[in-house]
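Each remark here refers to the structure printed beneath this line.
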Amino acid sequence: LKLQAGLRVAQTHFDYVNWSDGPQNFGYVSPNTGKKDETPVTPMGGVTYQFNQDDMVYATVAKGYRIGGANPPFPVGACGPDLVKRGIKSVPSTYNSDSVMSYEAGSKDVVMHHTLQLAGSVYYLNWDNIQQASYLPSCGFQYTANLGTAESKGFDLEATWLPIDALELDVSLGYDDAHYTKTVRTGTTAAAPVLANKGDRLPGLPWTFSVGAQYNTRIAHRHAFFRVDYEYQAPEPFMIPSRDPITVSYDPTSVANPATNLVSVRGGMTFGHVNLALFVNNLFDSHPQLDLNHQDPETLLYEAYTLRPRTFGLTAIYRY
């Protein structure tokens, strides 16, 4: 039995001086200066129980934080209509740190005469005081504020199996459900726009799966191997804030990311101190359209990205 505990106390400090002018800023804006001090406290604890040399269970709890920051001054006249809706007179000059409480439990085991290694865990994260960008459509500016809470819960499983000495099989499966736990508005009034609705998902993939196989052999008395890997990522959940009609960031042209499938192969041989390997990444040249977006509803310019195309290569590693 092993018990572990820790506590970290930090002192964070920053000074800021913001100044803006020019036609894109609607003219001169009075400078904004100040400083920010915080004293974040982040505890952690864990317990591990080793039943024997092959089986172990553990549980951990820990807190993390992200430092706060400052916002630039905004032209109140140009941004006034949006500030009124939010129930505020001006953009907050600073924003605070946000924090996450993380809880995890899992096990690691070796079974079947040490030919099968298993690992699994479940987790729960509580994200509080989230730093989020709030867009002001009347003037085109955005600022950062501490808005809302979210939670993430899921599990992951991993297994490595040696059915024979020369063959290794790897498989992993992961699931994550991350969503807002409260409706988040951009201001204090009931008329303030909704930034995220309760239940809206955070961007990210719910399911991931991968499987790989490696065969080790000898060719002409030299060590050689061949490996193939397959990775799958499920489609993105549809209801994220930018696809929720009641939110201020709603974009009717937004589409969810499709599922992705990626296959890679690699083979190599050792020549004395040198290992040479040929590889092909993205074997079937998969190129789904991912993260289609535009900066704001007024622009016609769209951006997206895709996976790197089929790539051939050779690696050489020298070991003393």
Side-chain angles (χ1 to χ4, degrees), residues 1-13 37-68 95-132 146-163 168-182 184 196 198-212 214 229 231-234 237:
L1 178 66
K2 181 174 72 173
L3 303 176
Q4 185 178 13
L7 182 69
R8 173 177 292 176
V9 180
Q11 177 66 48
T12 66
H13 168 83
D37 293 282
E38 290 186 308
T39 308
V41 179
T42 50
M44 64 82 61
V47 56
T48 302
Y49 189 79
Q50 191 85 33
F51 293 98
N52 50 55
Q53 64 178 357
D54 298 332
D55 303 290
M56 179 266 284
V57 294
Y58 69 92
T60 61
V61 58
K63 183 178 182 180
Y65 80 98
R66 175 172 49 175
I67 192 173
Y95 53 92
N96 296 323
S97 59
D98 51 0
S99 62
V100 171
M101 284 297 301
S102 170
Y103 308 86
E104 181 180 351
S107 68
K108 299 178 184 293
D109 306 275
V110 181
V111 297
M112 296 174 58
H113 304 288
H114 286 204
T115 62
L116 178 61
Q117 181 175 334
L118 302 171
S121 68
V122 294
Y123 62 85
Y124 172 82
L125 287 80
N126 186 19
W127 190 6
D128 189 38
N129 224 25
I130 303 173
Q131 297 176 9
Q132 300 201 71
N146 296 100
L147 302 168
T149 60
E151 67 177 17
S152 174
K153 51 189 175 183
F155 68 86
D156 61 79
L157 301 172
E158 298 179 358
T160 300
W161 183 34
L162 300 175
E168 177 183 309
L169 303 176
D170 307 296
V171 63
S172 66
L173 175 67
Y175 173 75
D176 180 64
D177 174 15
H179 60 271
Y180 290 92
T181 56
K182 297 179 181 178
V184 185
K198 181 180 179 180
D200 283 351
R201 294 288 300 263
L202 274 70
L205 305 173
W207 289 97
T208 58
F209 172 76
S210 68
V211 60
Q214 179 167 321
D229 289 284
E231 299 178 24
Y232 168 80
Q233 294 182 333

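Everything quoted here is computed from the prediction, not taken from an experiment.
In this structure, a donor-acceptor pair under 3.5 Å is absent between the side chains of T149 and D128.
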Check the pair L173, Y175 against side chain to side chain contact (heavy atoms under 4.5 Å, CB included), reporting the backbone distance first and the verdict last. CA-CA 7 Å; L173 175 67; Y175 173 75; over 6 Å; no
Go through it in stages, so that I can follow the logic: the residues are F209 and V171, the test is side chain to side chain contact (heavy atoms under 4.5 Å, CB included), and I'd like the CA-CA distance, side-chain angles, deciding distance and then a yes or no. CA-CA 8 Å; F209 172 76; V171 63; 3.5 Å; yes
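Within the 4.5 Å cutoff, the side chain of P40 has no heavy atoms near those of the S99 side chain.
Here the OG1-CG distance, from T12 to D37, works out to 7.0 Å after rounding to the nearest 0.5 Å. Distance OG/S102 to NZ/K63: 13.0 Å, rounded to 0.5 Å. For the atom pair L147 CG and K182 NZ, the distance stands at 12.5 Å (nearest 0.5 Å). Going from atom CG of D109 over to atom CG of D55 covers 4.5 Å, rounded to the nearest 0.5 Å. Interatomic distance, CG of D177 versus OH of Y124, reported as 10.5 Å (0.5 Å rounding). Taking CG of D54 as the start and CG of L116 as the end, the distance is 11.5 Å to the nearest 0.5 Å.
Looking at every heavy atom in both residues, Y232 comes nearest to A234 through OH-CA, 3.5 Å. Residues G148 and V184 come closest through the heavy atom pair CA-CG2, 3.5 Å. The minimum heavy-atom distance between Q131 and N96, with the atom names listed, is NE2-O, 3.2 Å. Of all non-hydrogen atoms in L157 and G120, the two that sit nearest each other are CD2-CA, 4.0 Å. In plain terms, the two heavy atoms of S121 and Y58 that are nearest each other are CB-OH, 3.4 Å. Considering all non-hydrogen atoms of both residues, S97 and N146 come closest at O-ND2, 3.8 Å.
Residues satisfying the side-chain hydrogen bond (donor to acceptor under 3.5 Å, both in side chains) criterion with Y123, sequence neighbours excluded, are D176. For Y49, the ring-ring contact (aromatic ring centres under 6.0 Å, His included) partners at least two apart in sequence or on another chain are F51.
Judged by distance alone, the side chain of Q4 and the main-chain N or O of M44 form no donor-acceptor pair under 3.5 Å. Side chain of R201 to main chain of A178: a donor-acceptor pair is present (N/O by atom type, distance under 3.5 Å, no hydrogens or angles).
Below 30°, between 30° and 60°, or above 60°: for F155 and W207 the angle between ring planes is above 60°, a perpendicular geometry.
By the neighbour-count criterion of 12 heavy atoms within 6.0 Å, atom CZ of R8 is sparsely surrounded, having that number or fewer from other residues, nucleotides or ligands. In H113, the NE2 atom is not crowded: 12 or fewer heavy atoms of neighbouring residues, nucleotides or ligands sit closer than 6.0 Å.
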